[in-house]
4 protein chains.
Amino acid sequence: MTRSKRQLQKHQTRQQIIEAALHQFAKDGLTVARTSDIATSANVSHGTVFSHFPTRELLLDTVIEEFGMRLAKRLHELVGDHCGMKDVLFAHIRGIREYEAFYTRLILEGRFLSESSRHSFIMIQSTISFHMIQIAEKEMKNNKICSQPVELLFNTWIGLIHHYLINGDLFAPDGSVLERYSEQLIDHYLNLIKGEY
Amino acid sequence: MTRSKRQLQKHQTRQQIIEAALHQFAKDGLTVARTSDIATSANVSHGTVFSHFPTRELLLDTVIEEFGMRLAKRLHELVGDHCGMKDVLFAHIRGIREYEAFYTRLILEGRFLSESSRHSFIMIQSTISFHMIQIAEKEMKNNKICSQPVELLFNTWIGLIHHYLINGDLFAPDGSVLERYSEQLIDHYLNLIKGEY
Amino acid sequence: MTRSKRQLQKHQTRQQIIEAALHQFAKDGLTVARTSDIATSANVSHGTVFSHFPTRELLLDTVIEEFGMRLAKRLHELVGDHCGMKDVLFAHIRGIREYEAFYTRLILEGRFLSESSRHSFIMIQSTISFHMIQIAEKEMKNNKICSQPVELLFNTWIGLIHHYLINGDLFAPDGSVLERYSEQLIDHYLNLIKGEY
Amino acid sequence: MTRSKRQLQKHQTRQQIIEAALHQFAKDGLTVARTSDIATSANVSHGTVFSHFPTRELLLDTVIEEFGMRLAKRLHELVGDHCGMKDVLFAHIRGIREYEAFYTRLILEGRFLSESSRHSFIMIQSTISFHMIQIAEKEMKNNKICSQPVELLFNTWIGLIHHYLINGDLFAPDGSVLERYSEQLIDHYLNLIKGEY
DNA sequence: CATGAATGAGATTTCATTCAT
DNA sequence: GATGAATGAAATCTCATTCAT
């Protein structure tokens, strides 16, 4: 029992650091955010960060992985079995919205991260594309959406969403771009890909 | 005369620095490239960089502005008067391709630059959108492309292109993504937006 | 009874720490070895080290003292009553050989330790010199070794041995210098100091 | 000329740093001395140290090499052509005496330095042994010193000197051990190795 | 008494910027 | 105007030590 309390404490600190890092990385950038700021923001000493994560890179890896897992789980919850394309797109946006800032940083800086972080990020994208492509193929058969390469279909959507996220400060200076544009973007996208009958 | 010779010399050095900076910023990133590397690459001393551009930020601003002007000029040359959507898209890609690396960096890091750099970047985007939107409106009237908000039409294209550029290392590990995918992307996009008649 | 059991336990832990420290200090150096490594090597927690030895310095002091006592005892066993110079030299080397690495560290770093550690180390040297000088004086009378200041006689021997220990990596890259050179060094030394008759 | 003044300045700063480092390494130890203390002691900013020597290790390498060259040069000056063993020993001690503290640190810590520093140190030792062994062989032929392996002869002397240096604080608490004991040590050593005739 | 998470002082290194030449 | 040596403010990471459990 004594042990479990200590373990709990440790786990809690670890989570605090991860949460603070998630916030700081989102705010200042994956490559710019300082470990000392993360420590301050997590209400622990600077040294404590390194007692949980030997290097900054390892912390970042962990944070990205954690984010990936949360997002995957959330998407899984949101994407029901019998849903159509529209539902998937909504789920996608809702899933991302909870971590909008961090996800945007990941789009921007993901390319320059360590092998393992990069891998985590690619996994995250795969999770999203998996659902979309599955639905797309089904709806193409039904002629609900017109036949075309699923890869391009997916990339068009992702590109559109990322474009709005990346330029969030222009599209929605105060607040969430996703919140503001999700409906419009989904409608537009569905209109673009809808089948002709 | 002596003075004008000096001024010429000065102007030449300035251009060397800008050129070198363009190269280094593209190669190492807008926030990461070192002023000392730029100096080396420009064949001038480190100090000289600062005698032409008081701060690193000012140099970056200048480089972005310069890039913007060149791109605008190039696009103007490439986009003829009587051209259709396809021609504009091709022109767009061809214009960007000459500075693919730098342009990609701008997409990735543009948001976090100084007010004035950010402004330059936005101007660049406007130049591109101006041509596209003009054509789009014309072709919508002709029913060549289906009627829809031009803003979204433009953003879909930009998002798609940017997505490929940002993930260039995945889509085209060795070489230019634009070279490899331009045709495919243009065809796909035109197919998406084509009018139904 | 319970108390005595606890005390036993405590004493045992203390000995484990001392033993581990002896090993780590020998391996990594008196000033470099980490308390956390000592803890790990002693199969106790890092904190336990400090519950037995308030500071790292005190632990080091204790270890050196312990080493001194063991060496003194060992030398006492090895040096018989009726032995000659050769026997003493052999005993000396055999005594040291058991702790070759630690002893070497002591030669190298002993000078920069705390007062008390330094004192312990000097005591160790005295133990050795005591035996040598006693024999030397006897053998000088017998003309077995030629007459000369005992202090210098002793220092010449010590210097020679220490030189080989300090440069062990050159003289015996894999293995014990003492094992490899003891005979040769003893013969050489005896030859140098032998009486002329 | 302007250039030469700047170059002179730079060279001077470099020398100041080397001199300060020589002093600090001697005082605090090759592995312990702080770059910031060296900077302070050299009257330059901390950054300046790194603008001349990219890493601490490179600075140490340079200092050791510099020391080696100075010592070699000094020994060369001191060791005449027609001198005997006694002269060589005196020269050796006089050469070392000028850098007594640094040389002592080198004995103590040389083993744990980088490959190149270690190499420099070994070169230094070789310089010394070269002279001694040459003389020794000549004097053995003359029967001035008794015949024995030159390697051991050399190591006995080196060991003796190093022993006094290492324990300088005991043998000569305030001042130079070499100054105090050189004569006595040389006499003793010569006596030990003298030929029997 | 043992534990081990948390602490924080300090060490090396980087790099935009300044300024004497 | 050009030069490049000097500057010094960070940033990451280490480790002896403390103290709540």
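Chain A is the first sequence line, chain B the second, and so forth, proteins listed ahead of strands; every chain is numbered from 1.
Each of Q24(C), Q16(C), E19(C) was evaluated against S41(C); a single residue qualifies, Q24(C), per the side-chain contact (heavy atoms from CB on, under 4.5 Å) test.
When every heavy atom of A39(A) is checked against every heavy atom of S45(A), the shortest pair comes out as CB-O, 3.7 Å.
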Q: Given side-chain contact (heavy atoms from CB on, under 4.5 Å), test H46(A) with T35(A) step by step and report yes or no.
A: CA-CA 7 Å; H46(A) 196 187; T35(A) 50; 2.8 Å; yes
Q: Under the salt bridge (Lys or Arg N to Asp or Glu O under 4.0 Å) rule, what do D169(D) and R118(C) come out as? Steps first, then yes or no, please.
A: CA-CA 11 Å; D169(D) 60 332; R118(C) 183 105 185 89; 2.9 Å; yes
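Per the geometry, CD1 belonging to I17(D) stands 10 Å off C1' belonging to dA5(F), to the nearest Å. Residue L60(D) contributes atom CG, which lies 12 Å from atom P of dT13(E) at whole-angstrom precision. One atom, CG of N43(B), and another, C1' of dG4(F), lie 15 Å apart when rounded to the nearest Å. Atoms CD (Q7(D)) and P (dT21(E)) sit 15 Å apart, rounded to a whole Å. Atom NZ of K10(A) and atom C1' of dA6(E) are 11 Å apart (whole Å). The CG-C1' distance, from L59(D) to dA11(E), rounds to 15 Å in whole Å. Counting to the nearest Å, the P atom of dG4(E) and the NE2 atom of H52(A) are 14 Å from each other. In this structure, F53(D) places its CZ atom 15 Å from P of dT14(E), rounding to the nearest Å.
Here E57(A) contributes atom CD and S117(A) contributes atom OG; the two are 6.5 Å apart, rounded to the nearest 0.5 Å. Atoms CD and CG, from E109(A) and L108(B) in turn, are 9.0 Å apart once rounded to the nearest 0.5 Å.
Across all strands shown, H11(A) has no heavy atoms under 4.0 Å from either base or sugar-phosphate atoms.
Side-chain nitrogen and oxygen atoms of T13(C) include at least one within less than 4.0 Å of the OP1 or OP2 phosphate oxygen of dA2(E). Contact annotation: T48(D) does not reach the phosphate of dA5(F) (side-chain N/O to OP1 or OP2, under 4.0 Å).
Between Q9(A) and S45(C), it is S45(C) whose nearest contact on DNA chain E lies nearer the 5' terminus.
A cation-pi arrangement is absent between R56(A) and F25(A) under the rule of less than 6.0 angstrom and at most 45 degrees off the ring axis.
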Q | Which nucleotides of DNA chain F pair, in dot-bracket form (Watson-Crick or G-U under 3.5 Å, | meaning another strand) | A | .||||||||||||||||||||
Q: Between protein and nucleotides 11-17 of chain F, map the contacts as a letter string: B base, S sugar-phosphate only, - none, heavy atoms under 4.0 Å, written 5' to 3'.
A: SBBBSBB
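Applying the side-chain hydrogen bond (donor to acceptor under 3.5 Å, both in side chains) test to R111(B) and every residue at least two apart in sequence or in another chain returns nothing.
Donor-acceptor pairing under 3.5 Å is recorded for the side chains of S114(C) and D61(C).
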